[in-house]
Amino acid sequence: PDEKYIPKVLIPAMSNSETIKIQSGYFSSSCFKQIAPGLASFISSSNSTMQLLLAVEGITNPKDHEAIETGLKTEQELIENLFHVFVDSDDLESAITKHARDCLSFLVASNRLEIKFVLMGEPSGQFHPKSWIFHDETNLLVINGSGNASTRGLVANGEVMTLHPQWEGDYLFKGAKRIIKSFNEHWEDRNPESKTYTPSPEFIQFLSQKAPENPPTEGDMFASWDQD
């Protein structure tokens with residue numbers, strides 16, 4: 001994406017949103033270090049929730065699906081076991097990465113971050129949208145395109161992301177309404193072509209255990225940048 005995409009779009013949108021919805025085919029929690037200022041600001045200025053809708057395939061491989069098919073694991077067990085490893089494998093040598101994960105785990109522990117996983121019914125298919133939906137009291141902004149919620153998707157890859165601001169009028173926002181509708185259908189498990197999994201209480205407890213005692217602040221974020 002354009003080098004201005006993160007500082008000029010994502011960070012201000014996160015800082016000023018009441019609610020945030022993200023859906024992605026591939027996910028890396030370390031990607032949130034790129035938008036750490038917006039994440040810290042969201043924590044300090046809002047009590048609303050963030051919803052994260054992820055593809056199961058984004059954290060699995062073909063052998064994992066064989067384990068499901070042969071009955072060695074249920075889909076729910078597989079998803080949660082893999083995500084345990086996935087979260088633990090973050091590069092904690094980076095202070096800003098640890099800060100970003102502290103923000104996410106604090107949001108989970110305070111019931112402000114919900115995570116769900118989508119598995120398509122077609123074995124060769126994958127849940128693959130990449131969208132960010134930001135909402136405050138009066139405005140709605142949808143960002144949609146080719147970039148996943150991953151470090152590569154935000155920084156390294158050549159991606160195209162399109163902004164759909166509601167305040168520019170219904171004509172430009174028409175496509176965004178379909179994106180929001182699709183997100184809600186998958187979140188509520190109403191799409192007939194897929195299955196949406198809600199994490200178990202044990203899984204939420206696992207993520208919550210990583211939460212700091214006090215809310216991460218923007219001061220913590222700047223200190224982490226300086227440490228790196």
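Just the heavy atoms: all of them, side chains too, but no hydrogens, waters or symmetry mates, feed the values below.
Listed for the Ser44 side chain is a donor-acceptor partner under 3.5 Å among the backbone atoms of Ser41. Of the possible polar contacts, none joining the Lys21 side chain to the Ile133 backbone as a donor-acceptor pair under 3.5 Å is found. The backbone N or O of Phe106 lies less than 3.5 Å from a partner atom in the side chain of Ser110, making a donor-acceptor pair. Judged by distance alone, the side chain of Ser131 and the main-chain N or O of Asn144 form no donor-acceptor pair under 3.5 Å.
The number of heavy atoms from other shown groups lying within 6.0 Å of CD (Gln205) is above 12.
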Would you mind writing out the side-chain donor-acceptor pairs for residues 10-17 within the sub-3.5 Å range, not counting sequence neighbours?
residue : atom : partner : partner atom : Å
Ser15   : OG   : Ile11   : O            : 2.8
Asn16   : ND2  : Pro12   : O            : 2.7
Ser17   : OG   : Ala13   : O            : 2.5

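Among pairs with a residue in residues 181-192, those fulfilling salt bridge (charged side-chain N to carboxylate O under 4.0 Å, His left out) read Glu188-Arg190, Asp189-Lys195, at least two apart in sequence or across chains.
What you find for Phe127 and Leu54 is that their closest heavy atoms are CD2-C, 4.1 Å. Closest non-hydrogen pair, His99 versus Thr217, comes out as CE1-O, 3.5 Å. Considering every non-hydrogen atom in both Phe183 and Ile22, the closest pair reads CE1-O, 3.6 Å. Of all heavy-atom pairs between Met161 and Ser146, the closest is SD-N, 3.6 Å. Closest approach of Gly147 and Lys130 over heavy atoms only: O-CB, 3.1 Å.
With sequence neighbours excluded, no residue forms a salt bridge (Lys or Arg N to Asp or Glu O under 4.0 Å) with Asp136.
Across Ser224, Cys103, Ser105, a single residue satisfies side-chain contact (heavy atoms from CB on, under 4.5 Å) together with Pro216, and that is Cys103.
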